[in-house]
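Since the structure is predicted, the reported quantities are computational estimates derived from the model, not experimental observations. The first residue of the sequence shown is numbered 1, and numbering continues consecutively from there. Remember, it's 1-based here, ligands and their atoms both numbered in the order they're listed.
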Amino acid sequence: MNINEARKYLEKLKKEINYHRYNYHVLDRETISAAALDSLKNELFALENEYPELITSDSPTQRVAGSPLDKFEKAKHSRPMISLFDSFSETDMFAWQERNENYLARSLKEKYYCELKLDGLAISLHYESGLLVLAATRGDGQVGENVTTNVKTIQSIPLSLRKPEAKELEAVGFSNLEIKNIFNLLESGVIEIRGEAIMAKKVFADLNKKYLNEGRPILANTRNGVAGSIRQLDSQVTTERKLDFYAYDLLLGDYERGEVVDTKEKLDSLVRLLGLKVLVDNAVCKDLETVFSFFKKVGERREKLPFEIDGVVVKINNLKMWPILGIVGKAPRYMMAYKFPAEQATTKIKGIVWQVGRTGALTPTAILEPVAVGGAIISRSTLHNFDEIERLDLRLEDTIIIERSGDVIPKVITVLKNLRSGNEKKITPPSVCPMCSGKVEKVKDEVAYRCLNKHCFAVSLRQIIHFVSKGAANFDGLGPKLIEQFMASGLIKDAADIYNIKKADLLSLERFAEKKADNVIEMISLRRELDLARFIYGLGIRHVGEETALTLAEMISNQGKFPSKTLTGKVQLSDFLKISDLTTSLQQKTEEDLAQMEDIGPIVAESIYTFWRDKKNLMVLEKFENNGVILTLEKKSKNKSKNNALTGKTFVLTGSLSSLTRDEAKDKIRALGAKTKESVTKDTDYVVAGESSGSKYDKAKILGIKILDEADFLEMIKL
Ligand code: IVH
C-alpha cells in the first residue's frame, strides 16, 4: 500500500470505527462486537505506525476513554477510575512480572490475588457517614455520570453500610487501631466502594424472551443490557432489568493504600462485612504458576457461571506494594487483566479453495490473512456453499469479521463493505473439478455444485491413505479418518499437500484442539525425511509393491552418492537424495532397462516407465520437493557386506514376534542385504515363525526350509 492508498484506507477505517464507537459508547447499541472493534483499532494503529504522518488528533487511537453522557449530571471522581492493561498469554504475564521486577530493581516475591473479571459496567459508590450519597459511572476516568437513582434499584447495593461487630473485624485480622479507624469512617467519613454492575445470563435470556414477545428490540449482550439500564433516565427500566453488583475495590477516606487494610484478600473480607457482595471465587495464588492454573480452571467453568466474565484480574495481594509500583500511562502496574482470547476478529479474504466431498459436492473454503481469534491463529474458514458467498456478498480482498469460540470451527460473520477499495474481485464457482478436472455442474434444486466424476474423491483418498500407511511414509496417528477430513475440508488434494499443512489450518477444522494440532504438525515434520524405498512404495505406482520399490531404491543408491548443494552453495556428496534427482534418475531408464532388473517383468516396467512421464505425477513430485521432503539413501544397502552370510538370502515372516513388529523385522532383514517375500516357495531360505503362525509354517515344513523361531532369528540378525 502506498501513502495515498493508506490515506484513503485510513479515512474509511476511522469512519467505520467511529460509527461503531458512537453506537457502543453513546447509544449503548452494539453494532459490532467489542473484539471485532478492537481488531479494527489494531489495524488502524498498525497503519498509523507505518505512516505516522497520517495520524490526526481526532483518530480513535488518540482517544483514552469514553465521555459522560450530557443527559446525566457529572460526577468528579475523588481518585481517577483508571483502566487495566491486558494480557493474553502466560508469556505476557511473565513479561508483566519481569517489568515490575525491573522497575523495582529486585525480584518480586509477592503473592497474587486472582479475581474473576466481570463483564458489566464499572460503578463507584460513595458512602458518607455510612449512607449511599452518590453512584457514578467511570466516564472518562476523571468525570463520570451521576446514576444514583438508577443504581439504587439494584437490590444487592445497600443504601447504608452495615456496621460490623468489632469481633468480626478482629477475626479477619484487623488490629484495634484499624478497627477504630474503620468505625470512625463509618461514623463520619467517606468510604468509596467500586465494583461491577452486571446482568446475570438467566435475567438476560428471560428479558430477551419477554422483549421478543412484546415486539421490543432485544439486548445485544449482558454488558449492553447493564449499560443500557443504568445509562438511561427511567429508573423503572432499571428495576425491570434486575441488575446485580459485585465489589472489587474499597477506598477508605484519605488513607493511603495499605494503611488500614494491608492485603486485597482482607479488603474483600471487609467489604463483605460492610454488606456488599464480593465474588466467592476470588483466591490468593502464591506465584504465577498458581495463577495459570486458577485461570485454566476458571476458563473451564466459564460457560457454567451465572454471569459473563472475560478473564481474570490478577492483583498483587500486598496493598502496600500498590503505591510503590504506582501507575504507568492509563493503568496500574500492580494489577493486570489476564483475558480470555477474543472470539471475533477482522481479517482479509485472500483466496478461495474448492474442496470436493465424498459425494462430489464442491464446498468453498476462504483462505484468510492469518489472524489470532479464539486463542489460535486462523487461516481458513469454511463457507458451506456458493449460496453462502452470495448471501454475504463476499469478494476476494474483502475485510470480514471472523468468529471462533472454543474449538468450534471458525466462521465468517459479516463483510465490512464500507472498507472496500473497489479492487475486490467477485467469486465464481469453478468450471472444472479442482481434484480430477472433471465436469462441474450445479444440480437442479440443490445449493451444491458437484463434480460429475463419481470416482474423483475415492481414488485420491485411497492414494493418500496408501502414502501414509505403515509400509510407506508411516505417519503414526494420521489414519484414514483424518486424511478424509483433510480432503473433505480442501486442505489436501494429494499426499504432497500433507507437507504444507500449517497449525492454523488444523485449528480451523472441526474437533481440532491445540494439542492434537501440535501432534499432527510434529508428525509431519518428522516425516519430511523419508527412506527412498518407502517413498517409492508410497507413490502407489501400479504393480510396485514393497519389494519392487526396494529393488528400485537399491538400484538408485548403487549409482553412488548424489551431489547436493550446501547452504554456502558448495557442491557436496550427500546421503540424501532430492526428489528431482530421483525423477531424473528414473526418467533415464528405458522400459528395457527396467525390465532387466530383478523381480521386474515387462508389465511392471511399463507401469514404472509411464508413471515417471505423467505430467500430473511430475507435478505432485515437484510439490513434495517444494514442501521440503528429502529422501534418505538406504544405509542398509551401503552397509551391505559381500561377506555377510545373509546377503541375497530370502526370508518369509509368519505369525507375530514379541520383540519386533513385522515392519521392523523386515527392515532388519533388508539391512543385512537379504530380502523378504510374502509367500514360501522352494527359493525361500528361511521362514521366521512367530506366535500363531499358519499355513506358511506348514508349507516350509513340507519343502524342508529352515524354520527360525524368534530367538534364532534375533540371534541371526545380531550378525
Ligand atoms: S480492578 C484500575 N477488578 O474491568 C481499574 N476490575 O478492563 C481497577 N472489572 O474498568 C479495576 N472485574 O470495570 C477490577 N475483579 C475486577 C474486575 C474489574 C471487572 C472491570 C472494571 C474495569 C475493567 C477494566
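Those atoms of ligand 1 with a heavy atom of I82 less than 4.0 angstrom away are 2 (C), 5 (C). Near E115, with a cut-off below 4.0 Å to any heavy atom, the atoms of ligand 1 are 3 (N), 15 (N), 16 (C). Less than 4.0 angstrom separates some heavy atom of A122 from each of these atoms of ligand 1: 13 (O).
Every heavy atom of A337 sits 4.0 Å or more from the atoms of ligand 1. Between R194 and ligand 1 there is no heavy-atom distance shorter than 4.0 Å. Heavy-atom distances between M335 and ligand 1 reach below 4.0 Å in at least one pair. The closest approach between any non-hydrogen atom of D119 and ligand 1 is not below 4.0 Å.
Here D249 has no heavy atoms under 4.0 Å from ligand 1, in either its backbone or its side chain. For E196, every heavy-atom contact with ligand 1 shorter than 4.0 Å involves the side chain, none the backbone. In M81, neither the side chain nor the backbone holds a heavy atom less than 4.0 Å from any atom of ligand 1.
Between the side chains of N42 and S39, no donor-acceptor pair of N or O atoms lies under 3.5 Å. A donor-acceptor pair shorter than 3.5 Å can be found between the side chains of T56 and K14.
Checking R257, K264, K315 one by one against D249, the salt bridge (charged side-chain N to carboxylate O under 4.0 Å, His left out) holds for a single residue, R257. For the pairing with S33, the side-chain hydrogen bond (donor to acceptor under 3.5 Å, both in side chains) check across Q344, E403, E343 returns one residue only, Q344.
Ion pairing between D206 and K202 holds under the 4.0 Å rule for side-chain N and carboxylate O. Looking at K277 and D244, a side-chain N of the basic residue comes within less than 4.0 Å of a carboxylate O on the acidic one, giving a salt bridge. Under the 4.0 Å criterion applied to side-chain N and carboxylate O atoms, K297 and E300 are not assigned as salt-bridge partners. In this structure, R223 does not pair ionically with D310, as no charged nitrogen and carboxylate oxygen lie closer than 4.0 Å. A salt bridge is absent between D262 and K320: the closest approach of a Lys/Arg side-chain nitrogen to an acidic carboxylate oxygen does not fall below 4.0 angstrom.
Protein heavy atom closest to atom 18 (C) of ligand 1, with residue, atom name and distance, is Y248 CE2, 3.4 Å. With hydrogens left out, the protein atom closest to atom 2 (C) of ligand 1 is S83 O, 3.3 Å, a heavy atom. Of all protein heavy atoms, the one closest to atom 19 (C) of ligand 1 is L118 O, 3.1 Å.
Checking only distances, L121 never comes within under 3.5 Å of ligand 1, N or O to N or O.
Both the sub-6.0 Å distance and the 45° axial angle are satisfied by K163 relative to the ring of F183.
The residue among R138, K330, K315, K117 with a heavy atom at the shortest distance from atom 3 (N) of ligand 1 is K315.
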